[in-house]
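Below is one structure, written out as structure tokens, with a few remarks after it.
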Amino acid sequence: MTNKEKTGIIMGIASMLTMLISIAIFLFRGPNADMHIDAAIFITLALIGILLAIFSWIKSRLLAFLILGLLGNVVVMAFGILLLIAVGISG
């Protein structure tokens, strides 16, 4: 395994880690959480995760990291955008 492939695998794992961090933030936030900040964190982490998934595929050519990273982070990003829309409608 070359150094380039190891870097790609690390980026792929980091991509999935951003998705898990977003889920943990959602599950463990308090009852007085600010929805704007939560949505901004979800969208930012999802963008970072998508970029990491793409760079991971470029480096290692492992399709599994690309698919899992993209699907998971796109779901998190869609949730963040829907959260922003809901806050905008209600406020």
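Note that the structure is predicted; figures quoted are calculated from it, not measured. Any value given below was found using the heavy atoms of this structure, including those in side chains, with hydrogens, waters and symmetry copies removed.
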Is Phe26 reachable from Val76 through a run of hydrophobic residues whose side-chain heavy atoms are each under 4.5 Å from the next? yes
Nearest heavy-atom pair of Met77 and Ala46: which atoms, and what distance? CB-CB, 3.6 Å
When rounded to the nearest 0.5 Å, the distance separating CE of Met11 from CG of Leu17 is 14.0 Å
Tell me whether Met16 shares a hydrophobic cluster with Leu70, the cluster being built from Ile, Leu, Val, Met, Phe, Trp, Tyr side chains joined at under 4.5 Å. no
Ala53 to Leu66 - nearest heavy-atom pair and separation: O-CD1, 3.8 Å
Residue list, side-chain contact (heavy atoms from CB on, under 4.5 Å) with Val74, at least two apart or on another chain: Ile50
Verify same cluster id: Leu83, Ile37 (apolar side-chain graph, 4.5 Å): yes
For the hydrophobic clusters of this structure (ILVMFWY residues joined by side-chain heavy atoms under 4.5 Å, transitively), does one cluster hold both Leu63 and Ile10? no
Within this structure, what is the CD1-CD1 distance for the pair Ile21 and Ile48, rounded to the nearest 0.5 Å? 9.5 Å
Do Leu68 and Ile58 sit in the same hydrophobic cluster, where Ile, Leu, Val, Met, Phe, Trp and Tyr count as joined when their side-chain heavy atoms come under 4.5 Å apart? no
Pairs flagged by side-chain hydrogen bond (donor to acceptor under 3.5 Å, both in side chains) wherever residues 7-25 is involved - sequence neighbours left out: Ser15-Asn73, Thr18-Asn73
Pairs touching residues 6-24 that satisfy salt bridge (Lys or Arg N to Asp or Glu O under 4.0 Å), sequence neighbours left out: none
Would you name the heavy atoms of Gly8 and Ser56 that are closest together and state the gap between them? O-OG, 2.7 Å
Determine which pairs satisfy ring-ring contact (aromatic ring centres under 6.0 Å, His included) with at least one residue from residues 40-69, sequence neighbours left out, and list them in order. Phe42-Phe79
Of all residues at least two apart in sequence or in a different chain, which pass the side-chain contact (heavy atoms from CB on, under 4.5 Å) check with Ala14? Leu52
For residues 25-35, the salt bridge (Lys or Arg N to Asp or Glu O under 4.0 Å) pairs (sequence neighbours left out) are Arg29-Asp38
Quick one: are Ile85 and Ile81 in side-chain contact, heavy atoms under 4.5 Å? yes
